[in-house]
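What follows is a short report on a single structure.
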Amino acid sequence: MSIDITQFHQTFFEESFEGLDVMESGLLELDIGAVDSDVINAIFRAAHSIKGGSATFGFTNIATFTHAMETLLDEIRDGNRAVSTEIVDILLQSVDCLRDMITAQRDGEENDQERIDQLQKELDTLLGKEPGKDVSKQHTEDETGVENALPSEWIISFTPQPHLLKTGNDPALLFRELQSLGDLEIEADTGKLPPLAEMDPESCYLSWKLRLRGDAITEEAIREIFSWVEDDCDLEIRNASSEVRGGEKRETEKTEERVGEKGAPPKKPGKKPLTPESSSIRVSIDKVDTLINMVGELVITQSMMGNLDGDFEDFDHARLEQLREGLSLLERNIRELQESVMRIRMLPISFVFSRFPRMVHDLSQKLGKQINFEMSGEQTELDKTVMEKIGDPLVHLVRNSIDHGIEPPEVRRQRGKPEMGSVHLNAFHKGGNIVIEISDDGAGLNKERILEKAREKGLIEEDCQPSEEKIYELLFQPGFSTAETVSDISGRGVGMDVVRRNIRELGGNIDVTSSEGQGTTFTIRLPLTLAILDGQLVRIGRETYIIPLISIIESLLIAPGNINSIASKSEVYKLRDEYIPIVRTHELFGTRADSDNIEEGLLVVIEGDGQKAGLYVDELLGQQQVVIKSLETNYQKVDGISGATILGDGTVALILDVEGLIGMSRRPRGNKAQQEERAVA
Amino acid sequence: MASILAVDDSESMRQMVSFALKNAGHTVVEAVDGQDALARAKTNKVNLVITDVNMPRMDGISLIKELRNLPDYKFTPILMLTTESSSEKKQQGKEAGATGWLVKPFNPDQLISTINRVLG
């Protein structure tokens with residue numbers, strides 16, 4: 001009945017990565033000089049678990065490496081070793097190394113043995129140990145007792161202390177175990193049994209004399225059976241034939257034998273790589289319970305509707321009412337179920353945030369800047385897919401803040417600021433969106449320099465004096481970088497344009513506000529989930545389109561007097577105090593609207609990237625939640641369209657890409673412009 | 001077959017222990033730390049407790065002490081999972097009232113043969 005323990009490897013890898021994160025953040029939190037016992041305990045526990053697990057699952061190299069770390073941590077924990085920056089540094093490096101080792105194990109790849117050996121040596125040196133001592137070698141097979149392969153007879157005198165039963169040990173079970181070794185004669189001594197009135201039923205008053213006969217029974221084997229109780233009893237083991245062979249001498253040795261070490265050594269994982277990393281998700285039991293409750297509700301509704309089944313010929317009004325009720329219940333159930341399922345994909349953003357303290361620590365050291373890094377809203381939940389993709393843009397922004405935003409200490413001092421700069425990462429929910437802010441109290445954006453640079457790069461006209469908002473917008477243009485020196489930290493050619501593109505791909509957007517000398521704040525808004533969207537259905541000609549509800553500001557009847565045609569062929573609409581471009585969606589897509597006369601339709605005012613446009617539609621239909629299907633995977637990318645969905649009647653409706661449409665509308669109408677647009681995309 | 005409380009803060013260890021025990025026909029209640037285990041032990045009388053030692057919130061040693069104070073668990077076998085480096089922990093565990101121990105690393109077969117020792 002052997003169990004294949006490789007099935008638990010994936011879990012081990014996942015929890016080890018989590019443990020490493022705990023260690024890393026703990027190490028960064030550790031105050032040199034005054035060690036917080038909770039923090040060091042958490043770090044120790046994580047190392048301890050990784051060691052235990054890796055040994056159990058046969059990853060000897062990981063166990064050996066972690067053992068050295070654990071020993072060091074244990075000394076710190078017990079107060080036998082002071083924490084120094086050097087130790088923290090080595091431990092941080094070890095955490096990195098361990099992460100790579102576990103990744104290599106998971107993916108069946110080779111380790112960077114040189115690096116492991118180097119770190120192991122440093123750890124061993126710190127521990128004052130001869131390098132190369134291996135934990136796994138501490139319990140090599142100890143094959144003794146081979147010479148006893150002869151008929152043997154043992155006399156065992158076993159006198160438990162009164163409290164033995166309270167340790168959960170049962171002499172009868174010990175005897176049963178002895179019986180598995182050979183023939184057992186049991187003789188109980190009831191001499192110490194007190195009168196019934198004085199007897200404590202929870203105490204053990206009996207003692208036993210046992211005679212065990214069998215082939216090749218070693219003393220170790222017997223001692224091992226008694227190993228758990230040896231401190232709770234008087235035990236004497238005599239070899240009945242010892243007079244002949246003199247085996248008595250060994251009695252005092254080897255009492256340290258332990259159960260778990262015997263038997264087969266842990267299975268070697270071998271060369272076979274594990275199945276490719278399968279993406280899994282950890283879900284709290286609460287969420288699963290909610291889901292089960294929802295399904296329960298559904299079943300109830302189903303049975304309720306089932307009662308309506310039967311003769312539909314004479315379906316009376318009362319039952320129709322019941323049916324309607326059932327349907328509305330069903331609708332509610334499904335919505336709740338959908339929300340619960342969606343919630344399963346939601347993870348706290350701390351999964352992404354957790355990597356930052358380390359990054360900031362390393363960066364600030366490298367740049368010689370002092371940074372007070374704060375995070376808040378780590379528990380804000382976000383869809384797993386969004387989470388996976390937001391990491392890199394955030395890294396870029398935080399790096400930017402530290403590299404370009406925060407000034408060096410001496411400059412800060414001159415400017416009358418505290419030498420320690422602060423960077424704040426914050427996440428929160430706001431109106432169906434998740435907002436992430438990265439703010440710093442650094443130099444702020446230099447508008448003059450941005451303009452200069454933009455002119456140099458030919459991004460704007462020489463004489464153009466754009467508004468503040470437009471200037472910041474320039475930052476997101478491809479190829480724009482204001483850093484005077486291109487460092488290896490940020491400004492590696494991957495600019496803010498890529499950051500923005502990544503965020504837009506997630507259906508989000510990014511804004512910046514800044515005040516010179518005071519700091520900069522980048523604000524990212526993301527949808528909670530990528531899978532479902534609240535949409536407004538609109539009809540243009542024979543097509544139904546969906547506009548994300550979040551992008552719609554208002555819908556209005558077109559007042560002819562408010563339409564202005566300007567230069568070339570662009571049309572703008574006067575919306576109160578501003579002019580917004582009119583987008584004739586059907587022309588962009590090459591379809592037909594009910595009428596070419598714009599006055600007969602409606603204008604849906606949409607906003608994206610801080611810019612507005614009016615979308616010309618024939619009719620507004622209902623609002624509903626739609627499941628987003630990718631157009632790219634099923635067909636190909638189409639400008640102005642972000643995806644598609646299937647409506648209740650089975651037809652496909654396209655979801656409009658609001659930012660894309662606004663971008664298209666900003667260019668003059670006409671085929672040439674459209675072609676250019678495609679070429680750019 | 002017995003009902004067994006398996007306590008470990010490491011999910012992979014818990015999964016393995018639990019799987020091996022279930023495979024051997026036992027009923028398993030899982031707990032993620034001492035406090036969780038104590039609460040579950042109170043609502044669910046089990047025949048055997050297998051606990052890790054190093055855990056957050058309440059460690060294995062404290063759990064054993066707490067369990068031994070409950071009338072229901074006065075004589076219940078309690079095994080602890082320890083690593084070879086902690087003979088001191090074994091001593092502490094014994095003093096707290098542990099029945100015995102199982103040394104990590106162990107494999108499922110060793111686990112099963114060990115628990116058979118304490119299940120009547």
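The chains referred to below are lettered A, B, ... by the order of the sequence lines, with proteins before strands, and numbering in each begins at 1.
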Would you compute the distance between atom OG of B:S10 and atom CZ of A:F8 and round it to the nearest 0.5 angstrom?
11.5 Å

Heavy-atom cut-off 4.5 Å, strictly under: side chain, backbone, both or neither for A:D74 against chain B?
neither

Short side-chain to backbone donor-acceptor contact, B:T99 and A:T167, under 3.5 Å
yes

Residues of residues 68-76 of chain B under 4.5 Å from chain A (heavy atom pairs)?
B:R68, B:K74, B:F75, B:T76

Do any of residues 44-61 of chain B come closer than 4.5 Å to chain A, heavy atom to heavy atom, and if so which ones, in number order?
B:N54, B:M55, B:P56

Residue pair A:N169 / B:K94: nearest heavy atoms and the distance that separates them
ND2-NZ, 4.0 Å

Establish, from distance only, whether the side-chain atoms of B:S12 and A:E15 form a donor-acceptor pair under 3.5 Å.
yes

Check this for me, if you would: do A:E224 and B:R117 make a salt bridge, where the nitrogen-to-carboxylate-oxygen distance has to be below 4.0 angstrom?
yes

Flag the one option from A:D170, A:I225, A:L174 with the top tally of heavy-atom pairs under 4.5 Å to chain B.
A:I225

Given side chains that start at C-beta, do those of A:Q7 and B:F19 come closer than 4.5 Å, heavy atoms only?
yes

Of the listed residues (A:G168, A:A172, A:G53), which shares the most heavy-atom pairs with chain B below a 4.5 Å separation?
A:G168

Any side-chain heavy-atom pair from B:M16 and A:F57 closer than 4.5 angstrom?
yes

